[in-house]
Amino acid sequence: MLQVAFIRQNIDFVKERLAHRNFRETGLVDDIVRLDDQRKRLQLESDTTQSKINAFSKEIGQLMAKGQKQEAEEKKQEVAMLKTTLTPIAAQLSAVEEELNANLVRLPNLPAAAVPGGVSPEDNTTIREGGDRPTLPKGALAHWDLAKKYNLIDFELGNKITGSGFPVYINKGAKLQRALIQYFLDFNTAAGYTEYQPPILVNEASARGTGQLPDKEGQMYYAAEDNLYLIPTAEVPLTNIYRDEMLKETQLPIRMTAYTPCFRREAGSYGKDVRGLNRLHQFDKVEVVQLVDPAKSYEVLEEMVLHVEKLLQSLDLPYRILRLCGGDMGFTSAMTYDFEVFSAAQEKWLEVSSVSNFETFQTNRMKIRFKDASGKPTLAHSLNGSSLALPRIVACLLENNQAEGFIALPQPLHAYFGAERIG
RNA sequence: GGAGAGGUGGCAGAGUGGUCUAUUGCGGCAGUCUUGAAAACUGUUGAAGGUUACACUUCCGGGGGUUCGAAUCCCUCCCUCUCCGCCA
């Protein structure tokens, strides 16, 4: 979340930036400043009274030690009086603090200066395109048909065992998943990311830390008995590794990668977009996360974009990179690049990665700080990106590389998969 | 699931009702010494709110209570560790 001190010092700027991401409740900003004014006033009143009580209490102790019981009793009466005035002030103060916080968590992050204006995906800016779109053979199939033809994925079986959006990968389909995960992890660790295998259920504090709560409450699967959430992305456990940590400047940058299954309820989505692998409730993803010095975070963002781009190039898929406009960015992001690959049989772009700089939005919630050169505690910047999400990559690999009687695989996968083609 | 122990500042670890604003060590920072570094020695160093800066307030796992006064006593919840049981 945003820092109150920053909001107070930059009221107009904050409103302008919120408007830039098409956030309409700019009145929240005024409410926050007003509530913080109240907070300060009440805090001062409370502190002053408490200070008097502390002083009197000390005197009482000294009087008691000297055996001056009468004077001590008189002081006790005065303290009792002060406490009756303190009680309502304290109650107001905590009410105001609660309301202030409730308003603060509803404010999304501010878009960075380079974020284009706009309200919907049509307003996103294409930064680069790469790779060649294939010419498909006659009678080319969509990936769900190819999955059936080569017995790679059984969607109906998933329906039986769990429900829609939980596919069963079979035989070479299962092995392809394993090959991709292994390849992606190796690609990331070779670039200096440390591999983790984190829990895939997290507690409430972790879900709050990265911003899934309270904003995306209904999107996560929830194990009520134990008050745990199934992760929607490895970003949650990975970033929370450093929650409430005071780091040394020399520890930065921290670079982490992990493979996890991801779980999303996708409440409300239906129709054509959910066909086949396009949108699932459970899917595999390899994630990269960085915690960095604030001065370097945009440099790092570009570096992460190049990293993911190289990975896509190595898979020889046609891709494009979009800089998301203000209105299309996620709640917690200051700047986001989306990666899309072209699904040749469906003839549409599918999002396979999202690389974002959150600046201090997450680290302020999680209190991930480091001591800067002057020894002052400073919030780090957090960034993350998919590298990569599997299902849509698989969809494109199958569709784009289909030939007469087989599906060719890109060179880097040959060793991991143990063959150059499926079929 | 049963029994016991514990949660204190960046880390370790003292502190059972008032002895300044939590002892000490490590780590960090600065200095002395040194060609430089290390070692040694000296000084300094928790976080949040608040202030131009002070003052002042809060924080010893969370919440509540007792008291003039709570890290310390009581209640409650959470978490960790050890042993037993069960078990991949």
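Below, chains carry the letters A, B, ... as their sequence lines are ordered, and counting in each starts from 1.
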(request) State which of C68(B), G27(B), G10(B) makes the closest approach to the side chain of K248(A). (result) G27(B)
(request) With a 3.5 angstrom cut-off on both distances, give the Watson-Crick or G-U wobble partner of G15(B), or none if there isn't one. (result) U8(B)
(request) Would you kindly give the CD1-to-P distance between I368(A) and G10(B), to the nearest whole Å? (result) 15 Å
(message) Tell me which nucleotide, if any, is Watson-Crick or G-U wobble paired with U51(B) when both distances must be under 3.5 Å.
(response) none
(request) Would you mind reading off the distance between E204(A) atom CD and G62(B) atom C1', rounded to a whole angstrom? (result) 13 Å
(message) Does G50(B) have OP1 or OP2 under 4.0 Å away from a side-chain N or O of R39(A)?
(response) yes
(request) For L44(A) and G50(B), give me the distance from atom CG to atom P, rounded to whole Å. (result) 11 Å
(message) Tell me whether the side-chain N/O atoms of K40(A) come closer than 4.0 Å to OP1 or OP2 in G50(B).
(response) yes
(message) Check this for me: K15(A), atom NZ, are more than 12 non-hydrogen atoms of other residues, nucleotides or ligands nearer than 6.0 Å?
(response) yes
(message) Hydrogens and angles aside, do R243(A) and N240(A) bring a side-chain donor and acceptor to less than 3.5 Å of each other?
(response) yes
(request) Look at the rings of Y183(A) and Y416(A) and say which category their plane angle falls in: under 30° parallel, 30 to 60° tilted, over 60° perpendicular. (result) tilted
(message) With a 4.0 Å limit, can you tell me whether K371(A) has a side-chain N or O closer than that to the phosphate oxygens OP1/OP2 of A47(B)?
(response) yes
(message) Please give the distance between the P atoms of U57(B) and U51(B) as a whole number of Å.
(response) 16 Å
(message) Is there a side-chain contact between P294(A) and F370(A) in this structure, where contact means two heavy atoms from C-beta onward sitting under 4.5 Å apart?
(response) yes
(request) Considering only atom P, compute the distance from A70(B) to U58(B) and round it to an integer number of Å. (result) 9 Å
(message) Which label fits Y193(A) and H307(A): parallel for a plane angle under 30°, tilted from 30 to 60°, or perpendicular past 60°?
(response) tilted
(message) Less than 4.0 angstrom between a side-chain N/O of Q50(A) and OP1 or OP2 of U58(B), yes or no?
(response) yes
(message) Give me the distance, rounded to whole Å, that separates C79(B) from C41(B) when you measure between the P atoms they each carry.
(response) 45 Å
(request) In whole angstrom, give the distance that lies between atom CD of E97(A) and atom P of C59(B). (result) 12 Å
(message) Can you check the distance between A5(B) and C75(B), where both ends of the measurement are the P atom (answer in whole Å)?
(response) 14 Å
(request) Would you mind reading off the distance between K367(A) atom NZ and G9(B) atom P, rounded to a whole angstrom? (result) 17 Å
(request) Report yes if a side-chain nitrogen or oxygen of N54(A) is closer than 4.0 Å to either non-bridging phosphate oxygen (OP1 or OP2) of U58(B); otherwise report no. (result) yes
(request) Can you tell me, in whole Å, how much space there is between the C1' of U72(B) and that of A3(B)? (result) 26 Å
(request) Using only heavy-atom distances, decide whether a donor-acceptor pair under 3.5 angstrom links the side-chain of D47(A) to the base of G50(B). (result) no
(message) Using the P atom as the point on both nucleotides, what is the distance between G63(B) and G15(B), in whole Å?
(response) 25 Å
(message) Considering every strand and a 4.0 Å limit on heavy-atom distances, what is the contact class for R41(A): base, sugar-phosphate, or nothing?
(response) nothing
(message) Can you confirm whether more than 12 heavy atoms, excluding those of E98(A), are under 6.0 Å from its CD atom?
(response) no
(request) Consider only side-chain N and O atoms of S206(A) and N203(A), and report whether a donor and an acceptor are under 3.5 Å apart. (result) yes
(message) Both distances below 3.5 Å, Watson-Crick or wobble geometry, any strand: find the nucleotide opposite A37(B).
(response) none
(message) Both distances below 3.5 Å, Watson-Crick or wobble geometry, any strand: find the nucleotide opposite U21(B).
(response) none
(message) If I pick the C1' atom on G6(B) and the same atom on A12(B), what distance separates them, to the nearest angstrom?
(response) 15 Å
(message) If you assign T48(A) and K376(A) each to the RNA chain B nucleotide with the nearest heavy atom, which residue ends up on the more 5' nucleotide?
(response) K376(A)
(message) Partner lookup for A3(B), please. Criteria are Watson-Crick or G-U wobble with both distances under 3.5 angstrom; report none if nothing qualifies.
(response) U82(B)
(message) Strictly by Watson-Crick or wobble contacts shorter than 3.5 Å, is anything paired with U44(B), and which nucleotide is it?
(response) G28(B)
(request) Could you check how far CZ of R369(A) sits from P of G10(B), rounded to whole Å? (result) 7 Å
(message) Is there a side-chain contact between K83(A) and the phosphate of G69(B), meaning an N or O under 4.0 Å from OP1 or OP2?
(response) yes
(request) Send over the distance from E78(A) CD to G69(B) P, rounded to a whole Å. (result) 14 Å
(message) Suppose you measure atom C1' in G46(B) against the same atom in G9(B); what distance do you get, rounded to whole Å?
(response) 4 Å
(request) Any strand is fair game: report the nucleotide pairing with U66(B) by Watson-Crick or G-U wobble, both distances under 3.5 Å, or none. (result) none
(request) Send over the distance from L63(A) CG to G69(B) C1', rounded to a whole Å. (result) 13 Å
